[in-house]
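Everything on this sheet refers to the single structure shown next.
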Amino acid sequence: MEQAGRTNAVLAKLTVVGDLLMLQLASLVLSVGIVTTFPAAFALQRVLPDAISQDRPQLMRRYLREFVWAFKRFWLAGLGLYVGGAMLAFGLAFWAFTDGPVRIFALAVLIPLTGMILGLYLSGLAVLADAEEDATFKSVFRQANLFLLRRSLAVAGAVVGLLTWFALASQLPTLLVIGSGLVPALLAYWLGAPGRRTKKDSTEVSI
């Protein structure tokens with residue numbers, strides 16, 4: 001019986017890993033179009049809790065439905081995030097390889113700005129997982145700001161983790177295929193986990 005229990009536990013974990021990789025692959029394929037990059041990431045974030053808990057079947061069907069929902073509501077904001085992120089990355093790369101005292105000032109501004117934007121993005125993913133069907137970019141942005149203020153230290157740790165993963169991926173590009181969407185999603189899921197536990201506990205008490 002004990003051996004059977006261990007086998008079932010291993011199979012359950014393998015199922016979770018398989019579902020996560022399947023969602024990562026779907027997100028990667030849908031991210032090929034620039035306009036669809038962030039809606040694909042938003043849809044992954046909303047389906048991720050079900051993939052981890054294994055509470056709902058037909059994850060791919062739900063993921064595609066969430067992608068359509070996210071694209072309709074956030075495609076323009078996602079395009080802005082893509083353009084802004086590309087400009088920020090170009091600015092960092094430009095000033096990192098430039099000489100002169102202005103370089104120090106520019107990097108002193110751009111590096112903290114990058115960290116703040118990444119923190120806000122992870123906070124947005126964290127609140128997006130439980131966002132209502134009628135959520136808008138403004139409402140999600142407002143909730144993300146409040147989340148960032150409440151859990152600033154945890155978000156800072158997640159940003160460090162994300163940057164560390166980016167550094168590893170720059171040396172081993174294969175990691176981008178495995179975790180380009182999954183790593184930020186898991187970090188945001190970890191950030192939002194205390195809030196989900198609080199909601200669950202309050203629901204159980206009220207029942």
Side-chain angles (χ1 to χ4, degrees), residues 24 27-28 30-42 44-45 48 70-71 73-129 131 135-195:
Q24 161 63 22
S27 177
L28 189 64
L30 290 176
S31 297
V32 173
I34 294 177
V35 181
T36 59
T37 299
F38 283 95
F42 298 161
L44 173 61
Q45 194 65 46
L48 186 68
F71 184 80
R73 293 183 174 275
F74 304 115
W75 73 269
L76 185 58
L79 181 60
L81 287 172
Y82 187 94
V83 174
M87 293 175 62
L88 188 60
F90 175 80
L92 285 170
F94 174 81
W95 289 110
F97 294 99
T98 302
D99 297 326
V102 181
R103 167 179 177 267
I104 299 176
F105 174 77
L107 291 177
V109 173
L110 290 176
I111 291 176
L113 179 62
T114 301
M116 186 175 65
I117 292 175
L118 287 176
L120 187 59
Y121 175 68
L122 290 175
S123 299
L125 290 180
V127 302
L128 191 64
T136 63
F137 176 75
K138 288 184 178 180
S139 65
V140 172
F141 182 77
R142 190 181 306 114
Q143 293 175 21
N145 273 288
L146 293 175
F147 185 93
L148 180 59
L149 291 174
R150 290 197 305 266
R151 306 209 61 209
S152 56
L153 290 178
V155 173
V159 169
V160 172
L162 184 60
L163 291 175
T164 302
W165 181 82
F166 277 134
L168 292 174
S170 66
Q171 301 299 318
L172 190 61
T174 308
L175 292 177
L176 291 173
V177 178
I178 299 175
S180 57
L182 200 55
V183 171
L186 288 172
L187 288 171
Y189 176 82
W190 169 73
L191 287 174

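Computed over heavy atoms, backbone and side chain alike; hydrogens, waters and symmetry mates excluded.
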query: Does some side-chain heavy atom of N145 sit less than 4.5 Å from a side-chain heavy atom of S123?
result: no
Min side-chain heavy-atom separation M116-L120 under 4.5 Å: no
- prompt: Does the side chain of R103 reach to within under 4.5 Å of the side chain of F97, using non-hydrogen atoms?
  reply: no
message: Could you report the tightest heavy-atom contact between L125 and Q45, atom names first, then the distance?
response: O-CG, 3.1 Å
query: If you take all heavy atoms of A188 and A126, which pair is closest and at what distance?
result: O-CB, 3.5 Å
query: Would a 4.5 Å heavy-atom cut-off, applied to side chains only, mark L176 and W165 as touching?
result: yes
message: Going by the rule side chain to side chain donor-acceptor pair (under 3.5 Å), which residues pair with Q24 if we only count those two or more places apart in sequence or in a different chain?
response: S180
task: Can you see which heavy atom on L191 is nearest to which on A158, and at what distance?
output: CD1-CB, 3.9 Å
- request: Would you name the heavy atoms of F42 and A70 that are closest together and state the gap between them?
  value: CB-CB, 4.0 Å
Residues forming a side chain to side chain donor-acceptor pair (under 3.5 Å) with T164, sequence neighbours excluded: none
- prompt: Hey, is CH2 on W75 packed in by over 12 heavy atoms from elsewhere, all under 6.0 Å?
  reply: no
- prompt: Does the side chain of L182 reach to within under 4.5 Å of the side chain of L48, using non-hydrogen atoms?
  reply: yes
message: Show the nearest heavy-atom pair for residues P184 and G179, with the distance to one decimal.
response: CD-O, 3.8 Å
task: For the residue pair V35 and Y82, establish whether any side-chain heavy-atom pair is separated by less than 4.5 Å.
output: no
message: Within the supplied structure, the quantity of interest is the number of heavy atoms (other residues, nucleotides, ligands) at a distance under 6.0 Å from L153 CG; does it exceed 12?
response: no
message: Tell me whether the rings of F90 and F94 are parallel (<30°), tilted (30 to 60°) or perpendicular (>60°).
response: parallel
statement: Across all chains, not counting sequence neighbours, the ring pair (Phe, Tyr, Trp, His ring centres under 6.0 Å) partners of F147 are none
message: I want to check something: taking the side chain as every heavy atom from C-beta on, are F74 and V140 in contact at a cut-off of under 4.5 Å?
response: yes
task: Quick one: closest heavy-atom pair of L118 and V159, and the distance?
output: C-CG2, 4.0 Å
